[in-house]
Amino acid sequence: MSRPIAILGGTGPAGMGLALRWARAGETIIIGSRSPERAQEAASKIKQRVGEANVSGAANVAACSAADLLALTVPFEGQAGLIKELKPFFKPGSILIDATVPLAAAIGGRASRTLGVWQGSAAQQTAELVPKGVKVVAAFQNCSADSMNGDDPVECDVIVCSDDPEATQLVCELAASIPGLRAIDGGKLENARIVEQLTALLIGLNIRHKGHGGIRITGLPRSAYRSVG
Ligand SMILES: NC(=O)c1ccc[n+]([C@@H]2O[C@H](COP(=O)([O-])OP(=O)(O)OC[C@H]3O[C@@H](n4cnc5c(N)ncnc54)[C@H](OP(=O)(O)O)[C@@H]3O)[C@@H](O)[C@H]2O)c1
């Protein structure tokens with residue numbers, strides 16, 4: 001059995017997209033939720049779409065306790081509270097992939113605008129809140145959940161930012177296991193502040209042009225891109 005990936009707050013479109021794509025890639029997935037019933041329902045939906053999927057659902061606490069590879073897919077308004085609740089349950093040395101974007105929608109504003117975050121980005125806020133030794137990797141903020149929940153290859157590059165090169169490499173591999181996605185090492189976690197801002201721009205473009213746009217970075221040497229293709 002592969003190393004399980006727990007997706008905390010995984011019942012929404014962003015978490016379900018990752019669960020679907022990673023289940024298809026053969027990963028073992030635990031979908032986390034505030035409600036175990038909702039998590040199990042979400043897991044059933046993935047199983048209906050992916051034959052032989054290794055997917056289960058559990059309360060966020062149980063999901064966090066069961067894996068040392070985690071993804072966080074909650075709205076910004078729930079991010080800090082959930083991490084504080086889960087703090088005692090992180091395994092030492094865990095890798096936490098953070099896809100959170102600090103959209104102004106969190107306080108009733110527009111989803112095409114972001115909020116200022118004291119630490120610099122939602123991912124840096126996460127890094128401040130997790131137990132020492134948990135490695136935070138910012139990724140997937142620019143991937144449209146509409147595309148991720150579909151069946152076609154996902155036309156997007158994933159800029160992976162963290163202060164731990166090994167964690168960056170592992171998350172690049174996970175991103176590259178999803179057809180269409182190309183992973184790029186985006187450097188330090190502080191660069192997440194730029195990547196998160198791009199999401200607000202993409203949301204504005206998607207509203208204006210009625211699409212589900214992603215990003216592509218051009219002109220780098222082939223060695224900079226990791227993909228299945
Ligand atoms: N949607 C996209 O296209 C997309 C793309 C890239 C990144 N993102 C980012 O990924 C994150 C999740 O996006 P989403 O669209 O999936 O969001 P969402 O549907 O609003 O929320 C995802 C899940 O988070 C849980 N949740 C909601 N409020 C919470 C709170 N206050 N405390 C704890 N858990 C809470 C809910 O699960 P339970 O009720 O089951 O606990 C919900 O199903 C956001 O930060 C978003 O900016 C989204």
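Order of appearance sets the numbers: ligands from 1, and atoms from 1 within every ligand.
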Which residue owns the protein heavy atom closest to [atom], what's the atom, and how far is it?
atom                    : result
atom 7 (C) of ligand 1  : Ala99 O, 3.4 Å
atom 3 (O) of ligand 1  : Ala145 N, 2.9 Å
atom 16 (O) of ligand 1 : Ala14 N, 2.9 Å
atom 33 (C) of ligand 1 : Arg34 CD, 3.6 Å

Between [atom1] on residue [X] and [atom2] on residue [Y], distance to nearest 0.5 Å:
X      : Y      : atom1 : atom2 : result
Ile46  : Leu20  : CD1   : CG    : 5.0 Å
Arg182 : Ile159 : CZ    : CD1   : 10.5 Å
Ile29  : Arg24  : CD1   : CZ    : 12.5 Å
Ser35  : Gln40  : OG    : CD    : 8.0 Å

Measure from [atom] to every heavy atom in [options] and give the option owning the shortest one.
atom                    : options                       : answer
atom 19 (O) of ligand 1 : Ala200, Ala105, Pro13, Gly214 : Pro13
atom 44 (C) of ligand 1 : Val74, Leu18, Thr100          : Val74
atom 17 (O) of ligand 1 : Ala111, Pro75, Cys156, Ser144 : Pro75
atom 37 (O) of ligand 1 : Asp98, Thr11, Thr199, Ile31   : Thr11
atom 32 (N) of ligand 1 : Ala59, Gly57, Gly78           : Gly78
atom 12 (C) of ligand 1 : Asp146, Val101, Thr73         : Thr73

Just wondering, do [Y] and [X] contact through their side chains at under 4.5 Å, heavy atoms?
X      : Y      : answer
Thr114 : Phe76  : no
Arg3   : Leu170 : yes
Met16  : Ile31  : yes
Val154 : Arg21  : yes

ask   = Any idea which part of Gln141 is under 4.0 Å from ligand 1, heavy-atom wise: side chain, backbone, both or neither?
value =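 Gln141 to ligand 1: backbone contact only, side chain stays beyond 4.0 Å.
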query = Which bit of Cys143 gets closer than 4.0 Å to ligand 1, counting heavy atoms only: side chain, backbone, both or neither?
reply = backbone
note = The residue among Pro131, Ser65, Cys64 that forms side-chain contact (heavy atoms from CB on, under 4.5 Å) with Leu86 is Cys64
ask   = In ligand 1, which numbered atoms sit nearer than 4.0 Å to a non-hydrogen atom of Phe140?
value =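 Atoms satisfying the 4.0 Å criterion: 6 (C).
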key: Where ligand 1 meets Gly9 - atom numbers and elements under 4.0 angstrom, heavy-atom basis   =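 Taking each heavy atom of Gly9 in turn, ligand 1 has 22 (C), 23 (C), 24 (O) under 4.0 Å.
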inquiry  = Looking at every non-hydrogen atom in both residues, tell me the closest pair between Ala14 and Ala145 and how far apart they are.
reply    = N-CB, 3.9 Å
request  = Check if Gly81 has a non-hydrogen atom at a distance under 4.0 Å from any atom of ligand 1.
outcome  =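 No, Gly81 has no heavy atoms under 4.0 Å from ligand 1.
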